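Take a look at the structure below.
Values in this document were obtained by computation on a predicted structure and should not be read as measured data.
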Amino acid sequence: MVLSSPSNAARFQFEPYSHSWVALHPQPKGVIQFVGSALWGTFPILVYRHFLKSLFAAGYTVVAFPFRFTLHHWSTAIDLLDEHYTLRGSMVEAAMAKGYESAVYLNAANYTWIGHGLGCKYVALLELLSSTEVLTECWQSLPPHAPSTRQLKEIQQGLSCLNARLRLMEQRIQRLTGQTVDYGLPSIMQQASLWLAPAIKVPVPAKWLRWVLSKLLTASPTVDQTHQLIAHSRLFHFTGLIQFARDRNTANTCQQLMHEQPHIRRRFLKGNHLEPVGIQLGQCVVDFNPLDKFIQPLSCRDLEFNALALVHRLRNTPAVAQQRCDETCDASSTTRHRIAA
């Protein structure tokens with residue numbers, strides 16, 4: 001299915017904001033934040049350009065976070081959450097300067113996360129970080145040989161520092177808009193998320209190479225720890241998953257995630273792991289993968305349509321929709337209001 005192109009008024013163009021890339025929509029109905037996979041996600045606005053452009057054409061402001069190569073995934077997730085809040089203020093400021101709609105950026109329920117490959121692990125960690133109480137409970141479920149409570153305290157300390165910075169960000173929003181904003185605790189609670197071909201580790205086709213890398217490089221949290229934390233979590237109620245039929249590298253991960261959180265909404269689509277990768281040339285999408293189709297007519301692609309449909313369904317889950325409605329009503333009833341984050 002071919003998606004309509006954005007109008008002249010909604011020009012698709014990424015600009016640098018803080019440490020990320022933002023395509024600001026003049027009349028956004030929401031914000032989609034994208035975290036790409038290892039290697040490919042380093043240059044998201046080039047590698048994923050067609051997919052991101054489709055999100056923009058559907059009426060969303062699009063944020064692309066460059067992928068960071070590191071083994072310290074907890075600290076990176078906290079940095080990502082910090083960047084998320086920083087961008088919320090930056091987008092309000094930029095939208096007001098351009099004469100665009102800015103109220104949408106004040107409502108936490110208007111934000112959606114999309115990850116691809118290993119980027120999905122970061123989105124999952126953000127969900128786990130959204131409740132320190134739930135995270136502590138999940139941490140206690142880890143086996144005795146798992147990381148000590150010192151690592152949990154480091155995570156809590158990082159969130160505490162971010163919480164202090166949120167108060168400064170609230171003051172910035174108040175200066176810009178004259179509205180009182182309460183971000184509460186650092187969290188993506190009540191925000192929808194979509195995982196595309198989720199990977200908890202870098203997909204490596206060769207078994208011998210996977211074994212070598214597992215001995216040399218150990219991420220924190222490990223694959224097993226991540227799965228155990230997800231399995232024991234009471235969150236992930238607004239999460240969707242798209243699995244590709246020919247993606248053998250992440251098939252087991254998708255199956256395990258569905259077992260751990262059965263209420264995740266899953267869709268099966270044709271294609272391989274790199275289906276989201278590609279740029280549009282004429283009426284075709286080129287993904288630069290010689291082991292795959294390499295080039296595909298727009299009329300044969302169904303990822304963008306199905307991803308947007310699933311995002312729409314997740315964003316209109318009753319709890320998320322109710323929060324968006326409540327905050328919109330609060331915003332229209334008084335010029336000085338508190339917006340629950």
Side-chain angles (χ1 to χ4, degrees), residues 30-37 63 65 67-68 72-85 87-88 108-142 151-152 155-156 158-159 162-163 166 183-201 219-242 250 253-254 256-266 310-311 313-315 317 319-320 323 340-341:
V31 182
I32 293 182
Q33 302 158 112
F34 181 79
V35 186
S37 189
V63 177
F65 299 102
F67 186 89
R68 283 174 52 183
H72 304 289
H73 293 171
W74 281 121
S75 61
T76 302
I78 294 175
D79 291 342
L80 194 60
L81 193 56
D82 190 343
E83 178 77 350
H84 159 73
Y85 281 104
L87 290 176
R88 286 171 70 165
N110 288 326
Y111 290 78
T112 301
W113 296 82
I114 297 182
H116 173 233
L118 195 59
C120 298
K121 180 179 181 180
Y122 286 118
V123 178
L125 293 183
L126 289 174
E127 187 86 15
L128 291 168
L129 291 171
S130 294
S131 172
T132 54
E133 179 183 354
V134 173
L135 180 60
T136 302
E137 292 177 2
C138 296
W139 204 273
Q140 294 172 350
S141 68
L142 296 177
Q151 185 175 355
L152 178 59
I155 295 172
Q156 293 171 337
L159 291 174
L162 175 55
N163 186 45
L166 290 187
Y183 283 149
L185 297 174
S187 168
I188 68 165
M189 194 77 74
Q190 306 298 328
Q191 296 179 18
S193 59
L194 175 60
W195 301 342
L196 308 177
I200 307 300
K201 59 182 177 181
S220 174
T222 65
V223 174
D224 291 340
Q225 291 163 7
T226 303
H227 278 295
Q228 289 167 358
L229 289 170
I230 291 174
H232 289 86
S233 175
R234 292 183 277 109
L235 305 174
F236 300 99
H237 291 283
F238 313 110
T239 302
L241 185 156
I242 290 181
T250 64
T253 299
C254 292
Q256 187 170 353
L257 289 170
M258 290 303 302
H259 176 74
E260 294 161 353
Q261 295 289 344
H263 48 262
I264 289 178
R265 295 169 174 84
R266 177 166 60 170
L310 191 49
V311 164
R313 181 176 177 181
L314 293 168
R315 293 182 74 239
T317 301
V320 178
Q323 182 188 8

Worksheet item: How far apart are the C-alpha atoms of Thr239 and Gln261, what are their side-chain angles, what is the distance that settles it, and do they pass the side chain to side chain contact (heavy atoms under 4.5 Å, CB included) test?
Response: CA-CA 9 Å; Thr239 302; Gln261 295 289 344; over 6 Å; no
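- Two residues are said to be in side-chain contact when any heavy atoms from C-beta on lie closer than 4.5 Å; Phe236 and Ile230 meet this criterion.
- Within 6.0 Å of the NE2 atom in His263, the count of heavy atoms belonging to other residues, nucleotides or ligands exceeds 12.
- For Phe67 and Tyr122, the ring centers are positioned less than 6.0 Å apart.
- For the residue pair Ser233/Glu127, the side-chain donor-acceptor check at 3.5 Å is not satisfied.
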Item to complete: Before giving the answer on side chain to side chain contact (heavy atoms under 4.5 Å, CB included), spell out for Gln190 and Phe238 the whole-Å C-alpha distance, their side-chain angles and the decisive distance to 0.1 Å.
Response: CA-CA 7 Å; Gln190 306 298 328; Phe238 313 110; 3.4 Å; yes
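- Scored by the side-chain hydrogen bond (donor to acceptor under 3.5 Å, both in side chains) test, Glu137 finds Arg234 as partners (sequence neighbours excluded).
- Atom OG1 of Thr226 sits about 9.5 Å away from atom CD of Glu260, to the nearest 0.5 Å.
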Fill in: Candidate pair Ile78 and His73, rule side chain to side chain contact (heavy atoms under 4.5 Å, CB included), full reasoning
CA-CA 9 Å; Ile78 294 175; His73 293 171; over 6 Å; no
Worksheet item: Can you list the steps and then say if Phe65 with Phe34 is a ring-ring contact (aromatic ring centres under 6.0 Å, His included)?
Response: CA-CA 6 Å; Phe65 299 102; Phe34 181 79; 9.4 Å; no
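- Remark: Lys121 NZ to Thr253 OG1 distance equals 11.0 Å, nearest 0.5 Å.
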Item to complete: For the pair Val63 and Glu83, evaluate side chain to side chain contact (heavy atoms under 4.5 Å, CB included) and give the outcome as yes or no after the intermediate values.
Response: CA-CA 11 Å; Val63 177; Glu83 178 77 350; over 6 Å; no
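- Taking Tyr111 as the reference, His84 meet the ring pair (Phe, Tyr, Trp, His ring centres under 6.0 Å) condition, with sequence neighbours excluded.
- Considering only heavy atoms from C-beta on, Val35 stays 4.5 Å or farther from His116 through its side chain.
- Checking each of Thr112, Leu80, Leu126 against Ile188 for a side-chain contact (heavy atoms from CB on, under 4.5 Å) leaves exactly one that passes, namely Leu126.
- Rounding to the nearest 0.5 Å places CD1 of Ile200 at 7.5 Å from SG of Cys120.
- Side-chain contact between Pro186 and Leu129 is absent, with no heavy atoms from C-beta onward closer than 4.5 Å.
- A 4.5 Å side-chain heavy-atom check between Ser193 and Ile114 finds every atom pair outside the cut-off.
- The side-chain heavy atoms of Tyr183 and Arg88, taken from C-beta on, include a pair separated by under 4.5 Å.
- Gln156 has its side chain within reach of Thr136: a pair of non-hydrogen atoms, C-beta onward, lies under 4.5 Å apart.
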